[in-house]
Structure formats: C-alpha cells, structure tokens
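Since the structure comes first, as structure tokens, the remarks are kept for the end.
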Amino acid sequence: MPRLPALTPDTAVGASRDLLAELVSRHGSVGDMVSTMAHSPAVLGGYLQLSRAMGRAKLDRRISERISVAVQVQQGCGRCLDAHVGAARALGVDEEEIERARKGTSADPAIAAIIALALQVHREPASITDEQVTALRAHGYSDRAIADVVGVVALNVLTGAFNLLAGLTPGSERDTGA
C-alpha cells in the first residue's frame with residue numbers, strides 16, 4: 001500500500017506543479033514514482049536532472065542495466081528491480097546474464113569487474129583501490145565510463161530508496177489522474 005499519495009499538476013504546489021505540468025504536457029502522463037516525488041520539488045527536480053544527465057552516459061546501456069539489477073537486489077526495491085530486468089531484456093541481455101547480474105557478476109570478466117565496482121560504490125566506496133581502476137582501464141573502460149558508474153549507482157539509490165519510502169512496490173501502479 002502506498003504511503004504517500006500521487007500528485008497531479010492540479011494537486012501539486014509551487015515548483016512541483018510546474019514540473020509535473022511540463023512533464024504531462026510533453027508525455028501525456030507520468031508514472032507513480034514521478035508524481036509521488038512531486039511532494040518534494042527538490043527531489044523531483046534532482047531526479048529529473050540526474051536521469052537526463054545519465055541518459056548521456058558513456059557506459060553501454062546493457063551494462064548499466066546489469067549494474068542497476070545488481071544494485072537493486074542489494075537495495076531491495078522490487079519495483080526498480082522489475083523495471084531494470086525488463087529493460088535489460090528489452091536490450092537483448094539474456095536470462096543467464098540477468099541472473100548473474102542479480103548475483104553481482106557476469107560471465108564477461110570486464111562486465112563482472114564494472115558490476116563489482118558499482119556494488120562497491122554502493123556499499124563501501126572508501127575501499128575502492130587504484131588497482132581496481134587500473135584493471136577497469138585494462139578492460140577497455142574509459143575514465144568517463146568508470147565515472148558514469150557513480151551516476152548509475154546514485155540514480156538507483158535515489159529511485160529505489162524513494163520507492164521504498166513511498167511504499168511503491170511491484171504491482172502498486174495507481175491511476176494518477178494526470
């Protein structure tokens with residue numbers, strides 16, 4: 001059961017009203033997470049900016065979705081996990097690789113290394129070593145792609161934590177009226 005009600009451009013106030021109205025006019029509707037984030041214009045605005053920025057990430061989407069799967073298994077947001085598994089499938093990631101991502105790894109050593117870094121960014125960023133970064137470069141990752149891992153993890157922490165706080169779980173999609 002959702003803990004926070006979804007808002008619409010008519011029920012939101014201030015900057016959130018403007019953000020939601022713009023999104024609805026561009027897309028026709030918004031999902032529950034976005035309409036519920038409107039309780040905080042800072043959270044909604046930050047999410048939208050980070051999401052747009054990560055859309056320009058250099059990291060391959062098939063890899064970033066596997067990172068997202070691994071992080072959401074750790075974080076415990078079933079709704080996010082379902083979304084990222086679906087996105088990985090849509091990008092052609094096979095079921096075995098999705099299952100490996102759930103376990104925080106991959107059959108490809110380069111992808112396993114970057115997923116391991118992402119989980120470390122999530123759990124213990126202070127323990128990252130120079131050798132790990134050097135190894136990622138040896139696998140062919142650019143410094144930009146390595147840095148993008150932090151953005152992917154941050155976006156997953158934001159969305160997963162928000163959904164868990166708001167009580168947005170798999171199957172809890174509501175009609176926002178927007």
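We're numbering straight along the sequence, starting at 1.
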Looking only at non-hydrogen atoms, find the nearest pair between [X] and [Y] and report the distance.
| X | Y | value |
| --- | --- | --- |
| Ala161 | Gln75 | N-NE2, 2.7 Å |
| Val24 | Pro9 | CG2-CG, 4.0 Å |
| Val153 | Ala118 | CG2-O, 3.6 Å |
| Leu19 | Pro41 | CD1-O, 4.3 Å |
| Ser106 | Ile115 | CB-CD1, 4.4 Å |
| Thr36 | Ala166 | CG2-CB, 3.9 Å |

May I have the step-by-step check of salt bridge (Lys or Arg N to Asp or Glu O under 4.0 Å) for Asp32 and Arg79, ending in yes or no?
CA-CA 11 Å; Asp32 283 348; Arg79 187 179 184 124; 3.8 Å; yes
Separation between [atom1] of [X] and [atom2] of [Y], rounded to the nearest 0.5 Å:
| X | Y | atom1 | atom2 | answer |
| --- | --- | --- | --- | --- |
| Leu44 | Phe162 | CG | CZ | 9.0 Å |
| Leu168 | Ser35 | CG | OG | 8.0 Å |
| Asn163 | Leu4 | CG | CG | 10.5 Å |
| Glu97 | Glu65 | CD | CD | 14.0 Å |
| Leu136 | Glu131 | CG | CD | 12.0 Å |

Has the side chain of [X] got a donor or acceptor atom that lies under 3.5 Å from a matching backbone atom of [Y]?
| X | Y | value |
| --- | --- | --- |
| Ser64 | Arg61 | yes |
| Arg3 | Leu165 | yes |
| Tyr141 | Ala135 | no |
| Arg100 | Thr105 | no |
| Thr11 | Leu7 | no |
| Thr134 | Asp130 | yes |
| His122 | Ala70 | no |

Chi angles and distances behind the side-chain contact (heavy atoms from CB on, under 4.5 Å) call for Val30, Leu20
CA-CA 8 Å; Val30 296; Leu20 280 179; 4.0 Å; yes
Shared hydrophobic cluster, [X] / [Y] (ILVMFWY, side-chain heavy atoms < 4.5 Å):
| X | Y | answer |
| --- | --- | --- |
| Val69 | Val150 | no |
| Ile63 | Val93 | no |
| Ile146 | Val149 | yes |
| Met33 | Val157 | yes |
| Ile111 | Leu91 | no |

Please determine, by modelled atom types, if His84 and Asn156 share a side-chain donor-acceptor pair under 3.5 angstrom.
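On atom types as modelled, these side chains qualify, holding a pair under 3.5 Å.
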Would you indicate whether the side-chain heavy atoms of [Y] and [X] approach each other to under 4.5 Å?
| X | Y | answer |
| --- | --- | --- |
| Lys103 | Val73 | no |
| Ile114 | Arg66 | no |
| Ser16 | Met37 | no |
| His139 | Pro109 | yes |
| Gln120 | Pro125 | no |

So that I can tick it off, tell me whether Arg89 and Asp94 are bridged by a salt bridge, with the cut-off set at under 4.0 angstrom between side-chain N and carboxylate O.
no
Any Lys/Arg nitrogen of Asp143 or Arg137 sitting under 4.0 Å from an Asp/Glu carboxylate oxygen of the other?
yes
Worked check of side-chain contact (heavy atoms from CB on, under 4.5 Å) between Arg144 and Leu59
CA-CA 8 Å; Arg144 179 176 173 183; Leu59 197 58; over 6 Å; no
Please evaluate residues Leu119 and Ile67 with respect to the criterion side-chain contact (heavy atoms from CB on, under 4.5 Å), reporting the C-alpha separation (whole Å), side-chain torsions for both, the decisive distance (0.1 Å), and the verdict.
CA-CA 8 Å; Leu119 290 173; Ile67 288 170; over 6 Å; no
If you count heavy atoms of other groups shown closer than 6.0 angstrom to CD of Glu124, is the number above 12?
no
